[in-house]
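To keep things clear, I will list the structure first and then write my remarks on it.
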Amino acid sequence: MSRYNARETEAKWQSVWSEQKTFEVGETSDKPKYYVLEMFPYPSGRIHMGHVRNYTMGDVVARYKKAQGFNVLHPMGWDAFGMPAENAAMEKKIHPAEWTYSNIDTMREQLKLMGLSIDWSREIATCHPDYYHHEQKLFLDFLEAGLVYKKESWVNWDPVDQTVLANEQVIDGRGWRSGAVVEKRKLSQWFFRITAFNEDLLDALNDLDRWPERVRLMQQNWIGRSEGARVTFDITGGDDGLEVYTTRPDTLFGASFMALSADHPLTIKLAADNAELSDFVDECRRTGTSEEAIEKAEKLGFDTGLKVKHPFADLIGPDGPRELPVYVANFVLMEYGTGAIFGCPAHDQRDLDFARKYGLPVTTVVAPPGEGADHTIGDEAYTGPGSMVNSLFLDGLAVDDAKSAMIERLRADGRGEGTVNFRLRDWGVSRQRYWGCPVPIIHCPSCGEVPVPQDQLPVTLPDDVTFDKPGNPLQHHPTWRHVTCPACDTEAERETDTMDTFVDSSWYFARFCSPHADVPTERNAVDYWLPVDQYIGGVEHAILHLLYSRFFTRAMHRTGHAALDEPFAGLFTQGMVCHETYKDSKGRWVFPDDVRKNDDGSAVHVETGEAVSVGRSESMSKSKKNVVDPTDIIDRFGADTARWFMLSDSPPERDMEWTEAGVSGAWRFMQRLWRLILSVSDQMAAQDASEPTEFNEPAIALRREAHKTIASVTEDIERFRFNRAVARIYELTNYFSEIKTFDQGGMDWAAREAADALIKLVNPMMPHLAEEMWHALGHDTLLADQPWPAARDELIVENTVTIVVQVNGKLRAKLSVGRDMDQQALTDLAMSEATVLAAIGGKAVRKTVVVPNRIVNVVV
RNA sequence: GCCCGCUUGGCGGAAUCGGUAGACGCAACGGACUUAAAAUCCGUUAGAGGAAACUCUGUCCGGGUUCGAGUCCCGGAGCGGGCACCA
């Protein structure tokens with residue numbers, strides 16, 4: 001019997017699908033639409049196993065939904081702007097565009113080897129002017145709608161590379177590339193007003209019922225809504241008021257100091273003629289922003305000498321906090337709240353540490369249950385519930401009641417109000433880089449910031465750039481930025497900042513609906529396809545990309561480019577692909593390909609024969625060399641083997657381990673299934689034979705197995721339990737393999753039915769093999785166009801059931817009886833079993849619990 | 001520090017309405033076929049006792065609810081993830 005030749009067969013069906021445009025779709029179908037999308041790849045060079053896992057899952061869903069009768073959109077594109085292309089330009093002297101497009105060509109070919117059901121006619125690359133043209137249009141529309149603005153802000157500045165760095169690119173206070181100590185600089189930056197939607201972005205999370213709970217929680221925390229109050233303190237001997245934000249207005253009578261951010265306007269004003277304070281402010285700014293730096297940084301304050309009056313000073317006795325000293329403190333952030341706080345040491349740990357350090361009073365205002373006004377605070381602030389003390393009109397109230405009472409009183413006195421505060425900040429998108437979408441703005445000395453007129457879009461990147469000096473090549477370009485002002489026709493300059501690459505990926509799912517349109521989105525197409533019904537990708541994008549996309553969709557809605565707010569109706573976050581790690585005796589990482597495992601589990605280097613130590617399994621990464629090249633696997637075993645293994649064993653949301661043994665297991669199954677279909681094919685009924693009226697027992701049993709499998713695989717795919725679906729398919733295959741003859745009592749017909757069903761169930765996972773088997777059984781249709789099989793419930797019901805007999809909850813016997821047996825008869829039968837009687841041991845039966853068709857539990 | 005998740009054989013994992021723990025796969029072991037190997041096929045495989053029928057113990061640990069708990073509740077440990085000078 002001939003072995004299944006994956007390489008030839010896969011190439012054959014891939015070209016058939018391509019020639020017949022099997023997966024190309026339009027908007028005019030009668031079928032309901034279904035949009036399946038996997039996060040598009042960055043063209044880094046070659047595809048990796050993470051891509052294979054991601055796109056296999058998406059393809060299972062896409063092929064399954066197509067079989068279920070949906071008009072399925074399943075597109076692919078390239079997230080093609082970004083730093084690595086510029087790094088390659090600097091290191092390898094190759095133009096970013098050339099590097100990127102050549103990577104795209106390589107990766108497209110690799111992806112095509114996987115046999116994905118993708119509509120390649122919709123392919124896009126974000127670095128192509130056809131794409132970023134429309135991104136610039138969106139930017140200008142958002143600008144007009146007030147959703148884009150420019151402001152000065154503090155950024156991480158790398159003085160060597162002369163660029164702004166994202167927080168993630170600052171490691172231990174140093175630039176990740178240059179190693180230079182990062183400075184904080186105030187720069188003019190473009191921002192997207194994501195905070196315009198903060199309440200809605202938070203509330204709408206509740207309706208995303210097909211998103212993982214975890215991701216919704218992460219976004220919720222990121223948006224960070226808190227309820228509190230703004231309170232104004234008057235500066236003693238001045239006209240100005242200082243406003244603070246607090247979530248604990250109830251503790252206002254426990255206040256003992258006020259602290260300002262180093263970047264607070266008042267701080268800056270004071271520092272102007274106070275050298276000591278000015279030095280302190282500089283010191284604060286030098287403090288690293290890394291987690292570690294913050295952890296280690298001492299809480300420092302600088303006493304400005306200023307005092308503020310407590311809002312209720314008139315009510316407070318001479319011993320109370322009528323006046324508070326004003327400090328500048330290194331732990332107060334200008335970006336959160338108002339950049340100023342009042343400190344209540346008794347009920348906030350950080351305030352307590354600060355108060356102890358600077359000898360400030362600590363007054364208890366919340367007494368823990370059972371304690372009174374004389375309760376004293378030691379080294380630990382009390383943050384629990386209790387009743388108010390030392391707080392005049394709040395005394396005796398519980399914390400929550402005191403909060404509302406205080407807010408009400410502040411409002412009545414005009415001293416403050418209850419407010420909601422968000423942690424979420426506007427999205428700074430300016431990057432001083434070449435390989436990104438140019439911001440379509442012209443700076444005119446007389447007109448200010450002028451949008452590039454529609455008919456001058458796109459603002460394209462110049463090709464002739466150099467990367468031989470630090471900074472933004474667009475700045476160094478001799479002519480590119482010199483233009484005339486569209487408004488007044490005098491000399492002006494282009495904006496040389498480009499946009500954060502997260503902007504590119506914030507709307508690509510919409511562009512896929514009408515990828516060749518001369519506007520950002522064709523409304524009939526986006527209205528038809530969006531939202532994405534199933535989005536699949538790594539959990540590492542749980543916050544940024546997914547939040548930005550949710551913002552963008554709202555902004556596109558507001559500017560008329562779409563008619564919905566939520567881009568992704570369903571989201572699935574997949575786990576990573578892991579592999580064992582290997583190191584040689586010198587501690588250098590070794591590729592799995594260079595390792596040979598011995599039977600005892602030890603490992604040696606293939607070439608040198610030197611012993612290699614086996615480390616724990618970690619997510620595949622180039623730096624640890626624990627990577628396996630997907631095309632290598634596809635070349636040796638076929639794409640179907642790789643796909644099948646990806647789906648086997650591990651639940652898709654969890655990390656999986658890639659093993660050679662697992663791959664060969666998948667390959668063996670592929671061969672086994674092929675042999676099974678060939679061996680039974682000549683015993684099957686003809687394709688068009690009508691269903692017999694009678695079936696013998698083996699035929700009924702085979703049909704039951706087949707229909708049970710159809711039902712559970714369908715359910716498993718619907719619920720993203722691919723590992724279970726795989727197990728069910730193994731079971732049916734095993735069952736099928738044990739039957740030796742198919743020639744009587746309707747068995748030939750049942751065999752045809754079961755084989756067709758099995759092939760259709762396997763199709764989303766191993767489409768090439770399935771297509772080949774389909775044709776081997778004499779079908780002349782394309783399996784990719786065939787409907788999903790329907791499970792017939794009446795064939796699944798079993799007439800015989802197994803009843804478990806327990807005594808005091810312990811298994812003692814199993815009975816095989818007819819379905820729906822009378823409870824008393826069942827109990828009698830159970831009580832006649834020797835093992836049951838032995839377990840009862842002559843004791844009196846207290847009661848018997850009977851669960852129909854399942855269990856009898858005798859309690860003694 | 002706050003929030004969230006996970007913990008089941010040698011391994012990945014099934015069992016999620018509270019009702020047979022270990023489906024399915026991998027690995028291992030034994031056997032058949034073969035001059036031999038590969039491939040394939042058959043069998044065993046949670047632990048302990050027993051010739052066997054069977055019995056006992058078992059789902060991270062300690063309690064609890066229940067006729068019955070991997071599953072529900074309380075407390076704890078370990079691992080992983082998110083957020084964090086957030087006022």
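Naming convention: chains lettered A, B, ... in sequence-line order (proteins, then strands); numbering from 1 in each chain.
Nearest to the side chain of M218(A), among G82(B), G81(B), C86(B), sits G82(B). Here C85(B) is the nucleotide among U55(B), C85(B), C26(B) with the atom lying nearest to any side-chain atom of N330(A). Comparing C85(B), C83(B), A87(B) by their nearest atom to the side chain of W222(A) picks out C83(B). Here A87(B) is the nucleotide among A14(B), A87(B), A27(B) with the atom lying nearest to any side-chain atom of I341(A). The side chain of R350(A) has A87(B) as its nearest neighbour among G13(B), A87(B), C26(B). Nearest nucleotide to the R675(A) side chain, out of C86(B), U40(B), U55(B): U40(B).
Distance L217(A) CG to C3(B) P: 11 Å, rounded to the nearest Å. A84(B) atom C1' lies 12 Å from atom CD1 of I543(A), rounded to whole Å. Spacing between atom CD of E335(A) and atom C1' of A84(B) amounts to 14 Å, rounded to whole angstrom units. When the P atom of G12(B) is taken as reference, atom CD of E660(A) falls 19 Å away, rounded to whole Å. The CZ-P distance, from R721(A) to A14(B), rounds to 9 Å in whole Å. Here the P atom of nucleotide G82(B) and the CG atom of L544(A) are 12 Å apart, to the nearest Å. Protein atom CD of Q349(A) is 12 Å distant from nucleotide atom P of C86(B), rounded to whole Å. Whole-Å rounding puts the M334(A) CE to C85(B) C1' distance at 16 Å.
Between G47(B) and G58(B), the distance separating the two C1' atoms is 8 Å to the nearest Å. G80(B) and C67(B): their P atoms are spaced 41 Å apart (whole Å). For the C1' atom pair drawn from C72(B) and C3(B), the interatomic distance equals 23 Å after rounding to whole Å. Separation of the P atoms belonging to C11(B) and A46(B) is 13 Å when rounded to the nearest angstrom. Rounded to whole Å, the C1' atom of G13(B) lies 13 Å from the corresponding atom of U7(B). Spacing of P atoms, G62(B) relative to A69(B), comes out at 15 Å, to the nearest Å. Taking atom C1' in both U59(B) and G70(B), the straight-line distance is 5 Å, to the nearest Å. Nucleotides C4(B) and G12(B) are separated by 24 Å at their C1' atoms, to the nearest Å.
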Under 3.5 Å, side-chain donor or acceptor atoms of residues 838-847 of chain A against the rest of the protein: list the pairs with distances, not counting sequence neighbours.
none

Nucleotides 7-11 of chain B: which of its N/O atoms have a protein N/O under 3.5 Å away?
none

Can you pull every protein N or O that's under 3.5 Å from an N or O on nucleotides 17-25 of chain B?
residue, atom, partner, partner atom, Å
G19(B), O2', R854(A), NE, 3.4
G19(B), N2, Q806(A), OE1, 3.2
G19(B), N2, N857(A), ND2, 3.4
U20(B), O2, K814(A), NZ, 2.6
A23(B), O2', E731(A), OE2, 2.4
A23(B), N3, R728(A), NH2, 3.4
G25(B), OP1, N734(A), ND2, 3.3

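The residue V332(A) sits close to a base: some heavy atom pair falls under 4.0 Å. Base contact: R425(A) has a heavy atom under 4.0 Å from a base atom. The residue L333(A) sits close to a base: some heavy atom pair falls under 4.0 Å.
Side-chain N/O atoms of Y382(A) and E380(A) include no donor and acceptor closer than 3.5 Å. No side-chain N or O of N626(A) forms a donor-acceptor pair with one of T581(A) less than 3.5 Å apart.
In this structure a side-chain-to-backbone donor-acceptor pair under 3.5 Å is present from N808(A) to V860(A).
Around atom CG of D379(A), no more than 12 heavy atoms belonging to other residues, nucleotides or ligands sit under 6.0 Å away.
Looking at RNA chain B, the stems built from 3 or more consecutive Watson-Crick or G-U wobble pairs, each pair with its key distances under 3.5 Å, are B:1-7 with B:77-83, B:10-12 with B:24-26, B:28-32 with B:40-44, B:46-49 with B:54-57, B:60-64 with B:72-76.
Between the side chain of K847(A) and the base of C67(B), no donor-acceptor pair under 3.5 Å is found.
Side-chain nitrogen and oxygen atoms of Y336(A) include at least one within less than 4.0 Å of the OP1 or OP2 phosphate oxygen of A87(B). Put simply, K810(A) has a side-chain N or O that comes within less than 4.0 Å of OP1 or OP2 on U57(B). In this structure, R216(A) does not reach the G5(B) phosphate: none of its side-chain N or O atoms is under 4.0 Å from OP1 or OP2.
In this view, S617(A) and C578(A), E657(A) satisfy the side chain to side chain contact (heavy atoms under 4.5 Å, CB included) rule, not counting sequence neighbours. Every residue meeting the side chain to side chain contact (heavy atoms under 4.5 Å, CB included) condition with A355(A), not counting sequence neighbours, appears here in chain and number order: P345(A), L360(A), V362(A). In this structure F502(A) satisfies the ring pair (Phe, Tyr, Trp, His ring centres under 6.0 Å) test together with Y548(A), sequence neighbours excluded. Remark: E243(A) pairs with R230(A), T232(A), T338(A) by the side chain to side chain contact (heavy atoms under 4.5 Å, CB included) rule, at least two apart or across chains. For I543(A), the side chain to side chain contact (heavy atoms under 4.5 Å, CB included) partners two or more places apart in sequence, or in a different chain, are M218(A), W222(A). Applying the side-chain hydrogen bond (donor to acceptor under 3.5 Å, both in side chains) rule to Q220(A) yields no partners; only residues at least two apart in sequence or on another chain are considered. For W644(A), the ring pair (Phe, Tyr, Trp, His ring centres under 6.0 Å) partners are F669(A), Y730(A), not counting sequence neighbours.
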Requested in this report: Could you please spell out the steps behind the side-chain contact (heavy atoms from CB on, under 4.5 Å) verdict for M656(A) and M646(A)?
Outcome: CA-CA 8 Å; M656(A) 67 168 291; M646(A) 278 297 178; 3.6 Å; yes
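In textbook terms, a nucleotide whose glycosidic angle is within 90° of 0 is syn, while G31(B), being further out, is anti.
Residue pairs meeting the side chain to side chain donor-acceptor pair (under 3.5 Å) criterion with at least one partner in residues 850-860 of chain A, sequence neighbours excluded, are D820(A)-N853(A).
When each of N421(A) and E653(A) is assigned the nucleotide of RNA chain B with its nearest heavy atom, E653(A) is the one assigned upstream, toward the 5' end. The nearest heavy atom of RNA chain B to T246(A) and to G662(A) marks one nucleotide each, and the one closer to the 5' end goes with G662(A).
Separation of the Y358(A) and F257(A) ring centroids does not fall under the 6.0 Å cut-off.
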